[in-house]
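Structure record follows, encoded as structure tokens.
Side chains included, hydrogens not; waters and symmetry mates left out as well; all remaining heavy atoms used.
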Amino acid sequence: PSIILAPAEWGPQLYDEGLVAAVDDLAAPAFLERINPAALDGARYRGALISLPHTIRNGVVMYRNRQIIPTAPVTFSDLVTAAKAATSGGRVGAYLERGYFYSIGHLAGLGGRLMDENGNPAFNDEKGLAWLDLLVEFEQAGPVSYNTNRDLDLFKEGRVGVILDGTWSREDLVEAIGEENLKIDPWPTSQGGRLSGYVQTENIYLAARASGDERYASLQFFGFMLAPEVQSVLSRADHIPALIDVEVEHDWMEPVMAALLGGTAYPIHPNANLFWDPLETAMENVFTQSALPASALEQASDTIYTRIQDAQ
């Protein structure tokens, strides 16, 4: 086919094998500015724009039960204060998740980087330390979860004010506590940045072999899928638009789109899977073994470099 619709994670292999073309020259900068930045970042690989996002598939967001915490916290300090005040009588104000998938996005939110363009570790710096410090501070807001569903289950029971979870849980949470009580808030600010969560997209790819009229028709399809009116129609089927200025009919979708504006692109580089275990080990050593954050990050970085060399 001259066009492929596929997850952003497919892009690097297709591009490295020469099957899809870079599309940097397809859209003017003014148009690219209308795309959710995290969604667009998930289409970049080795300095090239190898696709364009048409739908946000998943995203990590902050859910709030307004019966427990009535007002959205603007800063992380606000969240801690509100959570402490709401903790009583079998309820807790916040139950924050520190598992890798749910917490690594905060690194970018604070201005740090997980990896560089070549897929090498870039987290072993001051921003990485700030990220670990933030995760340690989660304990100030209440109990913390580490790759369990305890936080989600208690939220469904109406016993937790704030949790971090995926957009895929929204319908279950609405059913549990009611649409009027469930809120999805923008990420609160912290340390000159903000908390943040991963964003995963479905993208459009242009076949490298497409030329002439076929290429022209393919580019027209790119423009069609990213037209605001088409994005609006797709949103009726619960497709979260990649564009930031789309009118949507579902009332619940606007706050989701606003929250995802503060999101972080899920890493699509082939090396990304080499980061998961070493960083989770570093996190666990800091949280449970009282390891020094700087030493834990350095060890994780060294382990990842070794894994990259072995893979090569």
Requested in this report: Give the C-alpha distance, both sets of side-chain angles, the deciding distance and a yes or no for side-chain contact (heavy atoms from CB on, under 4.5 Å) between Leu226 and Arg34.
Outcome: CA-CA 10 Å; Leu226 286 166; Arg34 298 173 61 193; over 6 Å; no
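- No continuous path of ILVMFWY side-chain contacts below 4.5 Å connects Tyr266 to Ile56, so the two sit in separate hydrophobic clusters.
- Other residues, nucleotides and ligands contribute more than 12 heavy atoms inside 6.0 Å of the CH2 atom of Trp252.
- Minimum interatomic distance between Pro188 and Thr75 (heavy atoms only, all atoms of both residues): CB-C, 3.6 Å.
- In this structure, Ser196 contributes its side chain and Gly109 its backbone to no donor-acceptor pair below 3.5 Å.
- Contact annotation: the side chain of Tyr45 approaches that of Asp16 to within less than 4.5 Å [non-hydrogen atoms, C-beta and beyond].
- One finds a salt bridge joining Arg44 and Asp41 here, because a Lys/Arg side-chain nitrogen approaches an Asp/Glu carboxylate oxygen to under 4.0 Å.
- Remark: Asp251 CG is loosely packed, at most 12 non-hydrogen atoms of other residues, nucleotides or ligands lying under 6.0 Å away.
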Query - Worked verdict on Leu114 versus Leu279 for side-chain contact (heavy atoms from CB on, under 4.5 Å) - result: CA-CA 10 Å; Leu114 178 66; Leu279 272 172; 3.5 Å; yes
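- Taken together through direct or relayed side-chain contacts under 4.5 Å among Ile, Leu, Val, Met, Phe, Trp and Tyr, Val199 and Tyr63 form part of one hydrophobic cluster.
- Listed for the Ser190 side chain is no donor-acceptor partner under 3.5 Å among the backbone atoms of Leu195.
- Ring-centre distance between Phe155 and Tyr95: not below the 6.0 Å cut-off.
- In terms of heavy-atom proximity, Ala300 sits nearest to Ala282 at CB-CB, 4.0 Å.
- A distance-only check finds no donor-acceptor pair linking the side chain of Asn285 to the backbone of Gln289 [under 3.5 Å].
- Annotation for Glu214: atom CD counts as buried by contact number, over 12 foreign heavy atoms lying within 6.0 Å.
- Each of Val60, Leu135, Leu132 was compared with His106 under the side-chain contact (heavy atoms from CB on, under 4.5 Å) criterion, and only Leu135 meets it.
- Judged by distance alone, with hydrogens and angles left aside, the side-chain atoms of Thr87 form a donor-acceptor pair with the main-chain N or O of Gly93 at under 3.5 Å.
- A 4.5 Å side-chain heavy-atom check between Leu164 and Phe138 finds at least one atom pair inside the cut-off.
- Side-chain contact between Asn36 and Pro53: absent, with no pair of heavy atoms (C-beta onward) separated by less than 4.5 Å.
- Atom CD1 of residue Ile163 and atom CZ of residue Arg64 lie 13.0 Å apart, to the nearest 0.5 angstrom.
- A donor-acceptor pair under 3.5 Å is formed between the side chain of Asp125 and the backbone N or O of Lys127.
- Other residues, nucleotides and ligands contribute at most 12 non-hydrogen atoms within 6.0 Å of the CZ atom of Phe224.
- Nearest heavy atoms, Asn203 versus Gly42: ND2-O, 3.9 Å.
- No donor-acceptor distance shorter than 3.5 angstrom exists from the side chain of Arg194 to the backbone of Thr189, with no hydrogens or angles considered.
- Residues Phe275 and Leu129 share a hydrophobic cluster, clusters being chains of Ile/Leu/Val/Met/Phe/Trp/Tyr side chains in contact below 4.5 Å.
- For CD of Glu157, the number of neighbouring non-hydrogen atoms (other residues, nucleotides, ligands) closer than 6.0 Å is greater than 12.
- Residues Leu173 and Ile69 do not share a hydrophobic cluster, defined by chaining ILVMFWY side chains whose heavy atoms lie under 4.5 Å apart.
- Under a cut-off of 6.0 angstrom, the local environment of CZ in Arg307 is crowded, with over 12 non-hydrogen atoms contributed by other residues, nucleotides or ligands.
- Atom CD1 of residue Ile35 and atom CD of residue Gln231 lie 8.5 Å apart, to the nearest 0.5 angstrom.
- A distance of 9.5 Å separates CG in Asp25 from CG in Leu49, rounded to the nearest 0.5 Å.
- Between the Thr81 side chain and the Ser77 main chain, a donor and an acceptor come within less than 3.5 Å of each other.
- Val233 shares a hydrophobic cluster with no other residue; no ILVMFWY side chain has heavy atoms under 4.5 Å from its own.
- Considering all non-hydrogen atoms of both residues, Asn65 and Gly158 come closest at ND2-CA, 4.0 Å.
- With values rounded to the nearest 0.5 angstrom, Ile268 atom CD1 is found 6.5 Å from Ser51 atom OG.
- Residues Leu40 and Leu32 meet the side-chain proximity criterion, which asks for heavy atoms closer than 4.5 Å.
- One distance of note links CG of Asp172 with CD1 of Ile177; it measures 11.5 Å at 0.5 Å rounding.
- Here the shortest heavy-atom pairing between Pro12 and Glu9 reads CD-O, 3.6 Å.
- Residues Ile104 and Trp168 are members of one and the same hydrophobic cluster, defined by side-chain heavy-atom contacts under 4.5 angstrom among Ile, Leu, Val, Met, Phe, Trp and Tyr.
- Tyr102 has its side chain out of reach of Asp151: every pair of non-hydrogen atoms, C-beta onward, lies at least 4.5 Å apart.
- The distance from atom CZ of Phe221 to atom CD1 of Ile204, rounded to the nearest 0.5 Å, is 6.0 Å.
- Of the possible polar contacts, none joining the Glu97 side chain to the Val144 backbone as a donor-acceptor pair under 3.5 Å is found.
- In this structure, the side chain of Thr167 engages the main chain of Gly59 through a donor-acceptor pair within 3.5 Å.
- Put simply, the side chain of Glu280 never gets that close to the backbone of Gly99: no donor and acceptor are under 3.5 Å apart.
- When side chains are defined from C-beta on, Met225 does not count as touching Ile3, because their heavy atoms never get closer than 4.5 Å.
- Under the 4.5 Å side-chain criterion, counting only non-hydrogen atoms from C-beta, Ile240 is in contact with Met257.
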Report task. Output, in order, the C-alpha distance, side-chain angles, deciding distance and verdict of side-chain contact (heavy atoms from CB on, under 4.5 Å) for Leu219 and Val23. Result -> CA-CA 10 Å; Leu219 299 186; Val23 294; 5.8 Å; no
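- Considering only heavy atoms from C-beta on, Glu137 stays 4.5 Å or farther from Val80 through its side chain.
- With a 6.0 Å cutoff to the six-membered ring centre and a 45° limit on the axis angle, Arg98 counts as a cation-pi contact of Phe287.
- Crowding of Glu139 atom CD: a count of heavy atoms from other residues, nucleotides or ligands under 6.0 Å exceeding 12.
- In the displayed structure, Gln299 atom CD is contacted under 6.0 Å by at most 12 heavy atoms of other residues, nucleotides or ligands.
- Summarising the geometry of Pro241 relative to Ser235, their closest heavy-atom pair is CG-CB, 4.2 Å, with the distance given to 0.1 Å.
- Taking 4.0 Å as the cut-off between side-chain N and carboxylate O, Glu179 and Arg170 count as a salt-bridged pair.
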